[in-house]
Amino acid sequence: MKFITEDGEAIEGASPKKIVEALRDGSRFGSEEGLEEYMEGFAYRIKIWNGAVVRVDTIENFIADLEACKYWRRVE
């Protein structure tokens, strides 16, 4: 899987979990957090940034909601 953020950054991973881990590990916010904590913080920042609600109940919903709010788009 590969996503391109609106800033042009490529995020790649072999599974949904690896995608979120790559997003977290490349972040200046929460790179030391667990995935659930990171997703919650990221969802909060997205809500502040553009008002979008990003679900954090599953990794798949988190990824789908980031695509729906135009944070990134899937390219592979």
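In this chain, numbering begins with 1 at the start of the sequence shown.
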Only one of Ile63, Ile59, Thr58 passes side chain to side chain contact (heavy atoms under 4.5 Å, CB included) with Asn61; say which it is.
Thr58

Just how far is it from atom CD of Glu76 to atom CZ of Arg74, taken to the nearest 0.5 Å?
9.0 Å

How long is the gap from NZ on Lys18 to CD on Glu21, to the nearest 0.5 Å?
4.5 Å

So if you build clusters from Ile, Leu, Val, Met, Phe, Trp, Tyr with side-chain heavy-atom gaps below 4.5 Å, do Val20 and Val53 land together?
no

Would a distance-only check, ignoring hydrogens and angles, find a side-chain to backbone donor-acceptor pair under 3.5 Å from Asn50 to Ala52?
yes

The reported gap from CG in Leu35 to NZ in Lys17 (rounded to nearest 0.5 angstrom) is 6.5 Å

Mind checking whether Val56 and Phe42 sit in one hydrophobic cluster, side chains of I, L, V, M, F, W, Y counted as touching below 4.5 Å?
yes

Quick check against the 3.5 Å criterion: does Arg24 have a side-chain atom that pairs as donor or acceptor with the backbone of Glu33?
yes

Nearest heavy-atom pair of Lys2 and Ala10: which atoms, and what distance?
CE-CB, 3.8 Å

Joint cluster assignment, Leu66 & Trp49, ILVMFWY side-chain distance < 4.5 Å:
yes

Should we count CZ of Arg73 as having more than 12 external heavy atoms under 6.0 Å?
no

Can you tell me if Glu12 has over 12 outside heavy atoms packed within less than 6.0 Å of its CD?
yes

Are Glu6 and Trp72 packed together at the side-chain level, in the sense that at least one heavy-atom pair is separated by less than 4.5 angstrom?
no

The reported gap from CZ in Phe62 to CD1 in Ile46 (rounded to nearest 0.5 angstrom) is 7.5 Å

Any heavy-atom pair between the side chains of Tyr38 and Leu23 that's under 4.5 Å?
yes

Heavy-atom side-chain contact between Met39 and Val54 under 4.5 Å
no

